[in-house]
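As structure tokens, the structure follows; a few thoughts come after it.
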Amino acid sequence: MAKETKLKVQDLTISFKTASGKLQAVRGINFDLYKGETLAIVGESGSGKSVTSRAIMGILAGNAIVEGGKILYGDKDLMKISEEEFHRIRGDKIAMVFQDPLSSLNPIMRVGNQLTEAMLLKNKASRRENKRAMNDMFSSIEKFMAAAGDGETGKTDIATFRKFEEKHCELEQEYQQSLAYAESAANLAENMVLRIQNKAVAGIKDDTAEVCTNAKKACSYFVVRAEEARLQELVIHILANEKEGRKAKDYTAMIPQLEELQKILRNALAYEKPDTFSVGYYLTYVEKTVPDMPVAQLNALAADKLNSEFMDSFLQKIEKAVKLSIEQTDAHRKEAIAEIDKAIPVLQGTLEKNDATALAKHLKEKIILCLNPLEVTKDSLTHTFDTSIDYAMKLYFEGIEKNKAEEKRYNSQKAKYDRIAAKGKAPEWEVIPASYVDLEVAQQDIVGIVAEMKPHFEWQLENNRNGDLHKRTMEIVDYLKECAAESVYKISKGMAKERAIKLMASVGIDEPRRRYSQYPFEFSGGMRQRIVIAIALTANPDVLICDEPTTALDVTIQAQILELINNLKKERNLSVIFITHDLGVVANMADRIGVMYAGKIVEYGTAEDIFYAPAHPYTWALLSSVPDLNTVETLESIPGTPPNMIYPPKGDAFADRNKYALEIDFEMQPPMFKITDTHYAATWLLHPDAPKIELPQIIKNRIAKMESNRKAEEQQ
């Protein structure tokens, strides 16, 4: 089964303008991040790890130069979207945990408020975005229904759907809020019982008011039902007992009522979920009140009414619209393929700016028509074609001008240097090497962007021949339901507080309700890092980037934070990019590892590949320098320092520090050699003609110990 790719980085190249010249920080790296996996990027300081992560987050420094590449997330290329679009992704879909937790937190703002602020802001943006997406889909459905011959009836059905969808959203909002209040009241009641039993009664008056308010707000047909009357009685008794408790300075009389209230609410949280979509139709078009029956029976009755009276015929009309949209889009794809075939020879020849720009505009007009408006899963490659081709054209034609300017600058500086040297003086400065845009590569990028669309469209045409129309139709309905629910789902401050407390507990913070109101300085370093992780999780992101999150912590706390990140990944099915300089840190948590040096990924493979069959001398050096519990050998340090990337080496960047370097390492950069389907390394030692070099003995010993430990664990 193919893995779902959450993030794809292709040929990413980033430099920085400096007073000494252009520093090449990231040089054409490639990797995929799969759903639910941890990808570790490991390397020394300055290798380009953090620059890569900041490019993904869209927070590069102002002097950064993005020279090429793509970062694909969904239907967007993150290197080419606007800051407004990035704002909807950053922190919401892709979140980041930084190295220093204290610098990530506002020192004069309570940690609870820092957690809830992110939730409330993202919820507001999410409601706006989902409403827009829902309206766009409805417009597209209406357009294709009309083209399929269901214009008037289609309009009526969409109006019907919209009307009962409003009721569905209202019911879902009420249900979710009631659940949140029920959970909050139950948790607070449990906490109050423990505090009363332990005589820690400070703040009981305020907590009593909060637990009673939330218990009353939890009352709804779907959450607290037959027990509502008893719950209201308990609220009255608890409020009265609190007043008496203050006088007597003894609150133990509240315990039985709090325990019963907690039991009622815990039971309510376990009740069957109502089908608010079907019930929304029932209350809009069948009856105005909810019939007195169990929820399971109501769900069945409402679903039967919805399907027989409306949904079956509505789905048939949508299915016809979907079929027509596929036929029209496929016709556009065939036209686009023909235009691509004509364009490629032109783009491979001598490019004139006006002609090339006109051709790119023509291709964009053809290719944008290949996006099917009724596809729920967006076609990222087609969607980003216009920005990709514009960007590649810009790099090429600006490169022509930059090369002229750079040549002029270099010749002038060199002439000045030579004049001074000719007088017998030694200049105190150096001539900055000429940095030219490789126009041949830039032109190949233009051709590549156009050429890759042809097999992509051919695959889509083949895939659509056997497409399941009913499945696509149900995806659209589910998408509309989800968008509608999210567009009206408003998180109140109270709900945000309860979520924040729950998040704090999930990241291992004891007494989260009490610590919610504390300031960052009242937390230890490890606890602050847990708060930062909780903030990153507030919007329930798909991708979590951890940039050396354990570097500033002692080894005991490091282990706790690593275990926490690992557990959160499994619980939430997160995709994690973990950046570190220490291979040992990721030994038990990484699924795949990219070893990075001087802006390039020099080895790439599963954790098993990297630890049991390392292939690059730099990986050997990293492994040889890391101690473990069984180390008896003298650890090996890596000699020398990384190269100055203003003057990148001609060959392998690691050659000067590599005792296994071959002559060719100083002359030519090695390609990425394939070792297995999962394991690749960029070293000339893998060339068939290279001498056979054995692994260093220290690594052999470690592999043997790991194998022995693994066998022992399997036998237990």
Side-chain angles (χ1 to χ4, degrees), residues 2-14 26-39 41 48-49 51-60 64 66-96 129 133 333 336 363-364 367-368 370-372 375-395 444-460 463 541-545 573-577 579 591-592 594 596 601 604 672:
K3 295 179 181 179
E4 180 184 344
T5 301
K6 298 302 295 184
L7 191 79
K8 181 184 283 290
V9 175
Q10 296 179 333
D11 298 319
L12 184 65
T13 304
I14 299 170
V26 176
R27 303 188 293 158
I29 67 168
N30 296 272
F31 63 81
D32 293 340
L33 176 68
Y34 300 125
K35 184 175 182 178
E37 79 156 356
T38 297
L39 171 67
I41 300 179
K49 309 182 304 295
V51 173
T52 302
S53 69
R54 281 161 172 73
I56 295 170
M57 289 296 293
I59 52 173
L60 287 169
V66 178
E67 299 195 82
K70 297 179 181 180
I71 301 176
L72 299 177
Y73 175 76
D75 63 344
K76 294 178 172 59
D77 182 353
L78 302 185
M79 301 306 293
K80 300 176 180 71
I81 62 175
S82 66
E83 176 58 26
E84 183 182 358
E85 287 181 286
F86 226 131
H87 185 68
R88 292 196 287 267
I89 294 173
R90 187 189 300 122
D92 189 9
K93 300 298 183 183
I94 304 175
M96 190 164 183
E129 180 65 18
R333 285 170 180 154
L363 287 172
K364 287 189 292 182
I367 287 174
I368 198 68
C370 299
L371 285 169
N372 187 341
E375 281 183 343
V376 172
T377 304
K378 303 302 181 186
D379 177 0
S380 61
L381 193 62
T382 305
H383 210 281
T384 58
F385 176 80
D386 58 345
T387 53
S388 296
I389 194 71
D390 284 348
Y391 189 76
M393 288 279 189
K394 179 184 175 186
L395 285 180
Q444 287 172 358
D445 287 343
I446 295 171
V447 174
I449 288 167
V450 176
E452 70 179 335
M453 299 308 302
K454 181 178 178 178
H456 180 65
F457 289 150
E458 288 173 339
W459 177 85
Q460 288 176 323
N463 192 51
D542 288 331
V543 177
L544 181 66
I545 301 173
N573 203 20
L574 282 169
S575 301
V576 178
I577 297 176
I579 292 169
D591 298 295
R592 288 183 302 133
M596 200 164 179
I601 290 179
Y604 187 62
M672 189 68 84

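Note that the structure is predicted; figures quoted are calculated from it, not measured. All values below were derived from every heavy atom in this structure, side-chain atoms included, with hydrogens, water molecules and symmetry-related copies excluded.
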**Report entry** With Asn463 via side chain to side chain contact (heavy atoms under 4.5 Å, CB included) - residues at least two apart
**Finding:** Trp459, Arg472

Query raised in the report: Quick one: side chain to side chain contact (heavy atoms under 4.5 Å, CB included) partners of His456, sequence neighbours excluded?
Result: Asp379, Leu381, Thr382, Met453, Gln460

Report task. Kindly write out the residues that satisfy salt bridge (Lys or Arg N to Asp or Glu O under 4.0 Å) with Asp92, not counting sequence neighbours, or none if the list is empty. Result -> none

Report task. Using the test side chain to side chain contact (heavy atoms under 4.5 Å, CB included), find all partners of Ala392 that sit at least two apart in sequence or belong to another chain. Result -> Ile446, Ile449

Report summary line: Shortest non-hydrogen pair, Asn573 vs Gly36, comes out as OD1-CA, 3.4 Å

Report task. Drop me the distance from Ser575's OG to Lys3's NZ, to the nearest 0.5 angstrom. Result -> 11.0 Å

Requested in this report: For residues Tyr34 and Arg592, determine if any side-chain heavy atom of one lies less than 4.5 Å from a side-chain heavy atom of the other.
Outcome: yes

**Report entry** side-chain hydrogen bond (donor to acceptor under 3.5 Å, both in side chains) against Tyr73, all qualifying residues, sequence neighbours excluded
**Finding:** Asp542

Query raised in the report: What residues form a side chain to side chain contact (heavy atoms under 4.5 Å, CB included) with Thr384, not counting sequence neighbours?
Result: Leu72, Asp77, Thr387, Ser388

Report summary line: Rounded to the nearest 0.5 angstrom, the CG-CG distance for Asp445 and Asp11 is 7.0 Å

**Report entry** Partners meeting salt bridge (Lys or Arg N to Asp or Glu O under 4.0 Å) with Lys454 (sequence neighbours left out)
**Finding:** Asp341

Query raised in the report: If we only count heavy atoms from C-beta on, is the Leu78 to Ile94 side-chain gap below 4.5 Å?
Result: yes

**Report entry** Residue pairs fulfilling salt bridge (Lys or Arg N to Asp or Glu O under 4.0 Å) with at least one residue in residues 382-395, sequence neighbours excluded
**Finding:** Lys364-Asp390

Report task. Could you list the residues that satisfy side-chain hydrogen bond (donor to acceptor under 3.5 Å, both in side chains) with Glu458, not counting sequence neighbours? Result -> none

Requested in this report: Nearest 0.5 Å please: distance from the CD atom of Gln10 over to the CE atom of Met79.
Outcome: 12.5 Å

Requested in this report: Please check if the side chain of Asp591 supplies one atom and the backbone of Thr38 the other of a donor-acceptor pair under 3.5 Å.
Outcome: yes

Requested in this report: For Arg90, enumerate each residue passing the side-chain hydrogen bond (donor to acceptor under 3.5 Å, both in side chains) test, keeping only those at least two apart in sequence or located in another chain.
Outcome: Glu83

**Report entry** Minimal non-hydrogen separation, Ala64 against Ile14, with atom names
**Finding:** CB-CG2, 4.5 Å

Report summary line: With sequence neighbours left out, the residues meeting salt bridge (Lys or Arg N to Asp or Glu O under 4.0 Å) with Arg27 are none

Query raised in the report: Which distance, rounded to the nearest 0.5 Å, do you find between the CD1 of Ile367 and the CD1 of Ile389?
Result: 8.0 Å

Requested in this report: Considering non-hydrogen atoms only, spot the tightest contact between Pro455 and Ala451 and give its length.
Outcome: CD-O, 3.2 Å

Query - For Lys35, all residues meeting side-chain hydrogen bond (donor to acceptor under 3.5 Å, both in side chains), sequence neighbours excluded - result: none

**Report entry** Spacing of Ile56 atom CD1 and Leu33 atom CG [to the nearest 0.5 Å]
**Finding:** 8.0 Å

**Report entry** Check ion pair Lys70-Glu452 (N to O, under 4.0 angstrom)
**Finding:** yes

**Report entry** Heavy-atom pair of closest approach, residues Ile601 and Met672
**Finding:** O-CE, 3.1 Å

Report summary line: What one should report as the nearest heavy-atom pair of Ile577 and Ile41 is CG2-CD1, 4.0 Å

Report summary line: Closest non-hydrogen atoms of Tyr604 and Asp32, given as atom of the first, atom of the second and distance, are OH-N, 3.4 Å

